[in-house]
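For reference, positions follow the sequence shown, starting with 1. Bear in mind the structure is a predicted one, so any value in this text is a computation, not a measurement.
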Amino acid sequence: MGNNSSSSKSSNNSKKNKSSNQSNSNQQQQPPQVHLKSTGQVPPPNGYKFQLIDEETAKQLEDAIVEQQVIVEHQDQQIDVDAKVGETIERININMIARQDVVTLSQFPQILPVILQVQAIKSQLKHAKANIDLICVVDVSGSMEGNKIGLVKDSLRYIQKILSPNDRIALVTFGTYSAINLPWTLNKPENKQKIKDAILGMKIRDSTNIADGVKLGLRMIKQRKQKNPVTCMFVLTDGQDDNKGADDRCSQAINEYQIQDTFVINTFGYGQDHDAKVMNNISNLKGGTFTFIENISKASEHFILAMSGMLSVLAKNVKFIIEENPKYPIKKLYGDDFLWHKIEGSKYLMNMNYLLEGENKEFALEIEIPPSDKINQQNEIVLRTNLAGEFLELKTNFTKQQELKIQFSLQEIPYQPKEIVEVNYLRAKAGTIIGTAKELAKIKKYDQAQQSLNKMIDEIEQSHFIASKALEIVIADLKQIKDICKPQLFEQKGEALMLNKQKNHIQRQQSLNNSMEWNSDQEEQIENFKQGKLNLSVCDMDDDYQKNAQFDSPVQQFRKNSFDSNQSY
């Protein structure tokens, strides 16, 4: 009954909109009057039929979600929730791997590298993909004019093709002020043209106010009448906020709005002029990723990679806690400046937010082993971990725990290097060195920055596993960064590139140049893009939509409208 009521409202609104459009066509000299709650300003129409909407109207126009389904093999099959939860938990692994299983004791303290690995193994059984709410917050300031905004529009339409009909998309644009181009809208066939119109209707206007755009996006997340299990915000800009401290204002808004839902903020910075530090800090607020899009022609691939990861969410509200043994303290926790947070005396928390099916995440730390006279046991638990969250499909909480035991010996034990430990430990160290080099370059100590990078390169080249693909990528990144640690080059793109690479290697953020870390959904969608299977149509419905699409009068009018048919898509 609720859906029928919603459909009736939508139909009435549609009739009102048609009537309004006819009235506007008879009064072409009258610009559309749009009330923007955030600033009260009225944007110019720019000759395009699309109109921005205010927050109250957006709430009224929000599409109802489609109930998340649980897939069963046969219609008459009863779901054994306990069995399904047990099977899913078995696919989640926490592995704690020390550089040595047996440590030879010394009269001096020692450092023991440890890798924490979280695995979510892909199921061979068919199961429901979690429905998604995606909100895109896009810079439409003057510097985005031309090729940039055109590529952004294309990128958003590729994402529209990746999303399922049960997913919802919303669109916010910002210049000096922010506005809503599209309320929460189901990506179903009959909405396809509406979504495309909103994307193509993005128009360039004035200067840059990143914080206002993000805050409006946050309000839309908070004020949803309904919500899908997975929520993600994409923020894109090529410039700097006209007012300093945009990241602080975004942080204040998150604290003020007190949004209880799990969501991530992924940020994308274009070109040389964007404020990489601010965009990186905004992504850190909700455990998201910051992507530096150095080559604008690769924009769509970056978007597709990020969006494809959200197709594979297995669990939400995922928290990873590690607890040290005070006798064996954690001396270094890689990513402790943005990834980990100390929650009490001996515990550290990482808000993973979402756990993706088919992905591996490795995190590095160092434990201090005290001198031999301080150890009186042959083996000890030196670390405990706890992973907890909620399975989306089953709406059931889970928890998984693991302990790391180390044996001690007074006799010399030969060191047998482990590839998973050495490779990921070196990656984490390289990420930290990139951060150090960045800070040195910011104060124009370029020689020192290059020396630190060279030292890291030398260390990696002496590894037993230098031939591994992962270390080859690290070496290439370090050399690229060393080349831009020079006057002018660093000012142009150095900080953005270094922040991006730092996260790639410490947080294990996925990137276009390292397909080894993609899961199957990311591989499939990038391959679809490269093979042209995500081609953008001019104005016809795609074949996969035509089977069920009902062409209502706005779409028919669109096809007959000579202005729109001459647009570049």
Side-chain angles (χ1 to χ4, degrees), residues 67-74 77-98 114-132 227-232 260-264 286-287 308-324 339-341 343 347-365 381-405 420-421 424 507-508 510 517-523:
E67 184 66 24
Q68 185 71 50
Q69 298 297 313
V70 177
I71 288 184
V72 295
E73 296 302 316
H74 305 286
Q77 179 181 343
Q78 295 294 317
I79 301 173
D80 186 339
V81 175
D82 290 340
K84 202 167 181 66
V85 168
E87 181 270 330
T88 307
I89 288 177
E90 286 302 309
R91 292 193 284 117
I92 298 175
N93 295 326
I94 306 173
N95 300 314
M96 292 189 286
I97 311 163
V114 175
I115 297 299
L116 309 177
Q117 183 186 56
V118 178
Q119 291 180 312
I121 300 169
K122 186 174 179 62
S123 173
Q124 299 303 310
L125 301 176
K126 187 178 180 182
H127 62 93
K129 179 191 77 65
N131 298 337
I132 298 170
K227 57 196 176 190
N228 271 322
V230 175
T231 304
C232 182
Q260 300 302 310
D261 309 320
T262 302
F263 69 99
V264 293
K286 295 302 293 184
S308 300
M310 304 308 295
L311 303 178
S312 316
V313 175
L314 179 66
K316 69 175 182 178
N317 195 28
V318 178
K319 300 181 185 300
F320 192 27
I321 295 175
I322 57 176
E323 181 179 4
E324 67 183 359
L339 199 56
W340 296 94
H341 309 282
I343 52 176
K347 291 184 179 180
Y348 298 84
L349 166 70
M350 181 199 305
N351 283 309
M352 296 182 69
N353 292 315
Y354 294 120
L355 184 63
L356 306 186
E357 187 176 38
E359 80 168 349
N360 292 339
K361 288 281 191 182
E362 286 89 17
F363 309 101
L365 56 86
I381 296 172
V382 299
L383 201 64
R384 288 187 172 92
T385 59
N386 183 80
L387 186 74
E390 178 188 344
F391 290 134
L392 293 184
E393 187 179 14
L394 300 169
K395 300 180 181 178
T396 304
N397 292 329
F398 74 90
T399 185
K400 195 144 189 176
Q401 299 173 331
Q402 189 62 271
E403 296 177 340
L404 175 64
K405 285 186 177 180
I420 188 172
V421 176
N424 288 289
Q507 188 177 348
R508 295 299 299 274
Q510 280 131 356
E517 296 187 350
W518 301 353
N519 64 23
S520 57
D521 283 303
Q522 291 170 317
E523 291 173 353

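A tilted orientation is assigned to the rings of Phe320 and Phe363, their planes being inclined by 30° to 60°.
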Does the pair Asn353 and Val318 meet the rule for a side chain to side chain contact (heavy atoms under 4.5 Å, CB included), with working shown?
CA-CA 5 Å; Asn353 292 315; Val318 178; over 6 Å; no
Under the side chain to side chain contact (heavy atoms under 4.5 Å, CB included) criterion, do Lys129 and Glu393 qualify, and how do the steps go?
CA-CA 8 Å; Lys129 179 191 77 65; Glu393 187 179 14; over 6 Å; no
Assess the residue pair Thr385 and Gln401 against the criterion (side chain to side chain contact (heavy atoms under 4.5 Å, CB included)); give the C-alpha distance rounded to whole Å, side-chain angles, the decisive distance to 0.1 Å, and a yes or no.
CA-CA 6 Å; Thr385 59; Gln401 299 173 331; over 6 Å; no
Stepwise, does the side chain to side chain contact (heavy atoms under 4.5 Å, CB included) test hold for Asn93 with Glu90?
CA-CA 7 Å; Asn93 295 326; Glu90 286 302 309; over 6 Å; no
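Contact annotation: the side chain of Lys400 approaches that of Ile89 to within less than 4.5 Å [non-hydrogen atoms, C-beta and beyond]. The side-chain heavy atoms of Phe391 and Val85, taken from C-beta on, include a pair separated by under 4.5 Å. Looking at Ile97 and Leu116, their side chains never come closer than 4.5 Å, going by heavy atoms from C-beta outward. The closest side-chain heavy-atom distance from Leu311 to Asn519 is not below 4.5 Å.
In terms of the side chain to side chain contact (heavy atoms under 4.5 Å, CB included) criterion, residue partners of Lys122 (sequence neighbours excluded) are, by chain and number, Glu357, Ser520. Legend: residues meeting salt bridge (Lys or Arg N to Asp or Glu O under 4.0 Å) with Glu390, ordered by chain and number and at least two apart, are absent. Taking the ring pair (Phe, Tyr, Trp, His ring centres under 6.0 Å) definition, one finds that Tyr348 meets it with nothing, sequence neighbours left out. Every residue two or more places apart in sequence or in another chain was checked for a salt bridge (Lys or Arg N to Asp or Glu O under 4.0 Å) with Glu324, and none qualifies. The salt bridge (Lys or Arg N to Asp or Glu O under 4.0 Å) search around Glu403 returns Arg384, not counting sequence neighbours.
Pairing each heavy atom of Leu394 with each of Thr396, the nearest pair is O-OG1, 2.9 Å. In terms of heavy atoms, Val313 sits closest to Met310 at CG2-O, 3.5 Å. When every heavy atom of Leu387 is checked against every heavy atom of Val118, the shortest pair comes out as CD2-CG1, 4.0 Å. Between Ile115 and Val421 the shortest heavy-atom distance is CG1-CA, 3.6 Å. The minimum heavy-atom distance linking Glu87 with Ser123 is given by the pair OE2-OG, 3.9 Å.
Partner Tyr354 forms a side-chain contact (heavy atoms from CB on, under 4.5 Å) with one of Thr262, Asn317, Leu314 and no other, that one being Thr262. The side-chain contact (heavy atoms from CB on, under 4.5 Å) test with Leu392 singles out one residue from Asn228, Val230, Asn131, and that residue is Val230.
Between Arg508 and Asn424, the side chains place a donor N or O and an acceptor N or O closer than 3.5 Å (distance only, hydrogens not considered).
Between the CD atom in Gln522 and the OG atom in Ser312 there is a gap of 6.5 Å [rounded to 0.5 Å].
Under a 4.0 Å N-O distance rule, the pair Arg91/Glu359 does not qualify as a salt bridge.
Within the structure, salt bridge (Lys or Arg N to Asp or Glu O under 4.0 Å) pairs that include any residue of residues 310-323 do not occur (at least two apart or interchain).
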